[in-house]
Amino acid sequence: SDKKNTPQSAASRALAILGAVSATDNPLSAADLFPELGFPMPTIHRLMLLLEELGFLEREPGGKRFIAGQAL
């Protein structure tokens with residue numbers, strides 16, 4: 001079966017975002033993650049904001065992109 005067409009849970013998508021952000025030292029935006037993750041940009045952005053609220057992501061100092069947060 002084709003995994004691309006399998007609906008993913010919000011939890012698995014959030015973990016994919018955390019994995020991508022924690023795998024690099026570079027701050028990332030939703031647009032940066034879109035080609036790698038392949039799920040809709042609004043979904044990526046919404047989950048990144050949620051992960052920021054929970055402390056798993058935080059904004060780069062003085063910027064808009066995200067880096068790993070204290071909870072990670």
Practice task
Could you note down all residue pairs passing salt bridge (Lys or Arg N to Asp or Glu O under 4.0 Å) where residues 56-72 supplies at least one of them, sequence neighbours left out?
Solution key: D32-R65, E52-R59
[atom1]/[X] to [atom2]/[Y] distance, rounded to the nearest 0.5 angstrom?
X: L15; Y: S22; atom1: CG; atom2: OG; result: 10.0 Å
X: L50; Y: F56; atom1: CG; atom2: CZ; result: 9.5 Å
X: L54; Y: L72; atom1: CG; atom2: CG; result: 11.5 Å

Handout entry: Sub-4.5 Å side-chain heavy-atom contact between I44 and M48
Key = yes
Practice task
May I ask you to test the P40-H45 pair for a side-chain heavy-atom distance under 4.5 Å?
Solution key: no
Do you know the tightest heavy-atom contact between [X] and [Y]?
X: L33; Y: A20; value: CD2-CB, 3.5 Å
X: L57; Y: F66; value: CB-CD2, 3.9 Å
X: F34; Y: F39; value: CD1-O, 3.3 Å
X: I67; Y: P61; value: CD1-CD, 4.4 Å
X: L28; Y: V21; value: CD1-CA, 3.8 Å

